[in-house]
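To start, the structure under review is shown below, and the notes come after it.
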Amino acid sequence: MRTPLMAGNWKMHKTSAEARELAQAVRERIAPASDREVLLCPPFTAIPAVAEVLSGSPIRLGAQNMHWEPKGAFTGEVSGEMLRDLGCEYVIVGHSERRHIFGEQDEILHRKVKAAFRAGLRPIFCVGEMLEERDAGKEREVVERQLRNGLAGLTEQETKVLVVAYEPVWAIGTGRTATPDVAQTMHEHVRTVLADIWSGPIADGIRIQYGGSVKPDNVASLMAEPDIDGALVGGASLDAESFGRIVMFPSS
Ligand code: PGA
């Protein structure tokens with residue numbers, strides 16, 4: 001049984017004071033529930049403030065990116081060890097904005113995934129095709145390549161804490177959500193690739209989140225699909241009311 005992971009990715013939004021307020025509002029709205037896990041990923045600078053607000057609550061804390069080395073001369077970067085030190089349990093790796101705006105490629109992302117485990121963090125490894133790739137009928141191929149390259153050589157132990165997020169680039173921040181059918185087809189594909197890399201039982205245990213314009217009114221139909229194990233929410237996670245409604249989607 002995979003516990004859904006409902007995560008908010010705040011991207012480059014919120015000062016410390018604003019983040020504190022939002023985290024507090026989220027905390028007040030979300031009733032503890034054992035059938036779902038909730039995660040907030042604020043920007044680096046707001047992590048300590050959010051950690052303070054979440055202390056003693058079941059809501060988990062994560063970061064949006066990290067460097068692959070534990071320390072060194074890497075001006076402007078933050079390591080997994082530093083994030084762990086602040087109380088982060090999760091880290092998003094390979095978000096499409098990292099891939100497409102900052103040019104992060106498979107090899108770098110593979111290093112980051114390995115480094116996340118080294119630091120004791122659970123990586124949320126993002127994959128997803130661009131619109132041109134889908135229009136060219138290449139979405140399955142693109143996602144398979146991202147998975148095989150990014151997740152090569154993981155130990156069985158590491159697969160137990162790995163999370164994958166399928167986020168079609170054309171659905172991120174566009175208001176254009178993948179239909180539950182389209183999303184399920186891709187999630188099933190992701191699971192098949194994971195089963196081929198490791199084994200069926202290992203793939204069955206890995207949570208695959210959907211991301212891309214998840215909103216309160218579409219979350220339940222997405223979550224009803226058998227291979228969708230949570231949501232990675234951008235825009236709608238910046239509002240406590242809408243994120244609260246997403247997190248508390250009625251489970252069937
Ligand atoms: P969105 O972002 O919900 O604003 O589409 C999702 C994401 O980028 O993770």
Side-chain angles (χ1 to χ4, degrees), residues 3 5-16 19-20 22-23 26-27 37-99 101-127 146-147 149-165 167 198 202 205-207 209 211 230 232 234 237:
T3 308
L5 176 60
M6 310 304 286
N9 170 13
W10 294 357
K11 306 193 178 181
M12 198 172 76
H13 292 281
K14 306 291 174 189
T15 61
S16 287
R20 193 184 296 277
L22 177 56
V26 168
R27 186 177 175 168
E37 199 181 332
V38 184
L39 167 69
L40 297 182
C41 299
F44 290 140
T45 48
I47 289 173
V50 173
E52 217 179 288
V53 173
L54 298 185
S55 155
S57 98
I59 303 175
R60 325 230 175 216
L61 183 62
Q64 302 170 16
N65 181 33
M66 58 175 275
H67 192 266
W68 60 87
E69 291 292 341
K71 60 182 170 192
F74 301 104
T75 303
E77 293 290 328
V78 172
S79 74
E81 282 74 2
M82 292 167 178
L83 297 172
R84 192 81 194 99
D85 179 50
L86 294 180
C88 288
E89 282 181 71
Y90 286 88
V91 62
I92 300 171
V93 175
H95 187 278
S96 73
E97 286 146 21
R98 299 300 318 170
R99 290 179 188 267
I101 304 176
F102 301 101
E104 293 187 4
Q105 293 183 355
D106 291 352
E107 204 233 307
I108 290 293
L109 297 175
H110 179 237
R111 284 199 222 174
K112 291 191 177 195
V113 167
K114 292 296 288 180
F117 291 122
R118 180 198 64 218
L121 293 165
R122 300 169 161 229
I124 298 178
F125 182 66
C126 303
V127 297
Q146 292 171 335
L147 290 167
N149 292 345
L151 301 177
L154 264 53
T155 64
E156 194 172 329
Q157 205 50 39
E158 289 170 339
T159 62
K160 296 211 166 99
V161 293
L162 171 73
V163 177
V164 173
E167 299 204 299
W198 296 295
I202 288 182
I206 297 176
R207 290 181 291 182
Q209 294 179 299
L232 185 51
S237 72

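Just so you know, residue 1 is the first one in the sequence shown, and it goes up from there.
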Minimum heavy-atom distance between Pro123 and Val93, given as atom pair plus value: CB-CG2, 4.2 Å
Interatomic distance, Asn9 atom CG to Cys126 atom SG [nearest 0.5 angstrom]: 8.0 Å
Smallest separation among heavy atoms of Arg27 and Ile59, with atom names: CA-CD1, 3.8 Å
Test item: Leu151 and Val164 side chains (from C-beta on) under 4.5 Å apart, heavy atoms: yes
Expected output: side-chain Arg99 to main-chain Gly94 donor-acceptor under 3.5 Å: yes
Side-chain donor/acceptor of Arg118 to backbone N/O of Trp68, under 3.5 Å: yes
Lys112 side chain to Met66 backbone, donor-acceptor under 3.5 Å: yes
Residue pair Arg122 / Arg207, side-chain heavy-atom distance below 4.5 Å: yes
Minimum-distance pair of heavy atoms, taken over all atoms of Gly80 and Ala119: C-CB, 3.5 Å
Salt bridge flag under 4.0 Å for residues Arg20 and Glu52: yes
Whether over 12 other heavy atoms sit under 6.0 Å from Glu77 CD: yes
Flag side-chain contact, heavy atom, 4.5 Å: Thr45 against Lys14: no
Beyond-backbone contact of Asn149 with Glu107, side-chain heavy atoms, under 4.5 angstrom: no
Nearest-0.5 Å distance that lies between atom CE in Met82 and atom CD1 in Ile47: 12.0 Å
Phe117 vs Thr155 side-chain heavy atoms within contact, under 4.5 Å: no
Short side-chain to backbone donor-acceptor contact, Gln209 and Leu5, under 3.5 Å: yes
Spatial distance of atom CG (Leu86) from atom CD (Glu81) [nearest 0.5 Å]: 12.0 Å
Over all atoms of both residues, closest heavy-atom pair of Leu109 and Phe125: CB-CE1, 4.1 Å
Flag, side chain of Gln64 to backbone of Lys11, donor-acceptor distance under 3.5 Å: yes
side-chain contact (heavy atoms from CB on, under 4.5 Å) between Ile202 and Lys160, worked out: CA-CA 8 Å; Ile202 288 182; Lys160 296 211 166 99; over 6 Å; no
Spacing of Leu83 atom CG and His67 atom NE2 [to the nearest 0.5 Å]: 12.5 Å
Taking every non-hydrogen atom, the tightest pair across Glu37 and Thr3: N-CG2, 4.0 Å
Carboxylate-amine/guanidinium proximity below 4.0 Å for Glu69 and Arg111: no
Rounded distance [0.5 Å steps], CG in Leu22 versus OG in Ser237: 7.5 Å
Side-chain donor/acceptor of Arg98 to backbone N/O of Ile92, under 3.5 Å: no
Shortest non-hydrogen separation from Gly62 to Leu39 and the atoms involved: N-CD1, 3.5 Å
Validation row: Glu104, Asn65 side chains within 4.5 angstrom (heavy atoms): yes
